[in-house]
Amino acid sequence: MLGKHLVAGDRAGIIVETEAYLGSHDKASHARFGRTRRNAVMFGHGGVSYVYLCYGMYDLFNVVTGRDGDPQAVLIRALEPVRGIGGDVAVTRGPGKLTRALGITRSHSGLDMTGASTPVYIAPGRRISRTDISVGPRVGVDYAGDWASAPLRFWIAGHPSVSRGARSKAA
DNA sequence: GTTCCGATGCTT
DNA sequence: AGCATCGGAACG
């Protein structure tokens, strides 16, 4: 998903940092306790948004990626500003900040990301070469035991919009 | 540069 | 009680 556009109405950014959450066996995933009211959309088909409230203050945006019944998702952690949010890279650096910048909230959970008919969706973008992608451990999942150090965070190497937490844990 | 802390509310 | 965060304060 790196390099693609995340579009919300007249605002858009290019995805420059992501994290993968692999399924019920992933001890860092919201799906680790099975299906609940909050994570229900993770158990549906891929290409659908999953937005939830984090730490009581921030709406975090994910795209479900698994098949029906396999709760995989990708968290979007940072964007490069493209349209409607000014040129300040700090505004979309971090998963809680980028949703604020684009006006994405929990009301945008469960939407189809694969077309352009929903208020929020993913659109094609720039092609990112494999050699331009860095990999490291996910941020903020120290509770997850062995899974805390799994190399499941991906970002465009050296990009100025990559989040702060990510930079300090580069692999 | 680093670490620590409070805000704030939903989930288990 | 814990949490897929953030900005600011304190410190080195």
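Chain naming here is simple, since letters A, B, ... match the order of the sequence lines and numbering starts at 1 in each. In this text, all values refer to a predicted model and were calculated from it rather than measured experimentally.
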- According to a strict under-4.0 Å criterion, is A:Thr36 in side-chain N/O contact with OP1 or OP2 of B:dT11? no

- Message: So A:Thr105 and A:Val51, do their side chains get closer than 4.5 Å, heavy atoms only?
- Response: no

- Heavy-atom distance under 4.5 Å between the side chains of A:Tyr21 and A:Arg138, does that happen here? yes

- Message: By nearest atom, which of the nucleotides B:dG9, C:dC3, C:dT5 is closest to the A:Leu53 side chain?
- Response: B:dG9

- Task: Any strand is fair game: report the nucleotide pairing with B:dT8 by Watson-Crick or G-U wobble, both distances under 3.5 Å, or none.
- Result: none

- Message: Using the side chain to side chain donor-acceptor pair (under 3.5 Å) definition, which of the options A:Arg93, A:Glu17, A:Glu80 pairs with A:His159?
- Response: A:Glu80

- Query: Base, sugar-phosphate, or nothing for A:Gly96, non-hydrogen atoms under 4.0 angstrom?
  - Reply: sugar-phosphate

- Please give, in whole Å, the distance from B:dG9 P to A:Arg106 CZ? 10 Å

- Task: Under 4.0 Å between any heavy atoms, over every strand shown, what does A:Leu75 touch: base, sugar-phosphate, or nothing? Just pick one.
- Result: base

- Item | pair A:Lys27-A:Asp146: side-chain heavy atoms closer than 4.5 Å | no

- Nearest-neighbour nucleotide for the A:Met57 side chain, C:dC6, C:dA4, B:dT8 considered: B:dT8

- Note on the structure: In whole angstroms, the gap separating C1' of C:dC3 from OH of A:Tyr52 amounts to 9 Å

- A:Asp142 CG - C:dA4 P separation (whole Å): 11 Å

- Task: Evaluate whether the aromatic ring of A:Tyr55 and the six-membered ring of the B:dG9 base sit under 5.5 Å apart, centre to centre, with an inclination under 30°.
- Result: no

- Message: Measure CG/A:Asp59 against C1'/C:dC3 and give the value in whole Å, please.
- Response: 15 Å

- Find the distance A:Tyr50:OH to B:dT11:C1' and express it as a whole number of Å. 10 Å

- Complementary nucleotide for C:dA4 - Watson-Crick or wobble, under 3.5 Å: none

- Task: Give a yes/no answer on whether the side chain of A:Tyr58 brings an N or O atom under 4.0 Å of OP1 or OP2 in B:dT8.
- Result: no

- Item | Rounded interatomic separation in angstrom, taking CZ from A:Phe33 and C1' from C:dC3 | 10 Å

- Task: From the options C:dC6, C:dA4, C:dT5, select the nucleotide whose nearest atom is closest to the side chain of A:Val141.
- Result: C:dA4

- Message: Under 4.0 Å from OP1 or OP2 of C:dT5: is there any side-chain N or O of A:Arg77 that close?
- Response: yes

- Task: Using atom CG of A:Leu60 as one end and atom P of B:dG9 as the other, report the distance to the nearest whole Å.
- Result: 16 Å

- note: A:Tyr143, atom OH; C:dG2, atom P; distance rounded to Å ~ 14 Å

- Are any non-hydrogen side-chain atoms of A:Val162 and A:Ile156 less than 4.5 angstrom apart? no

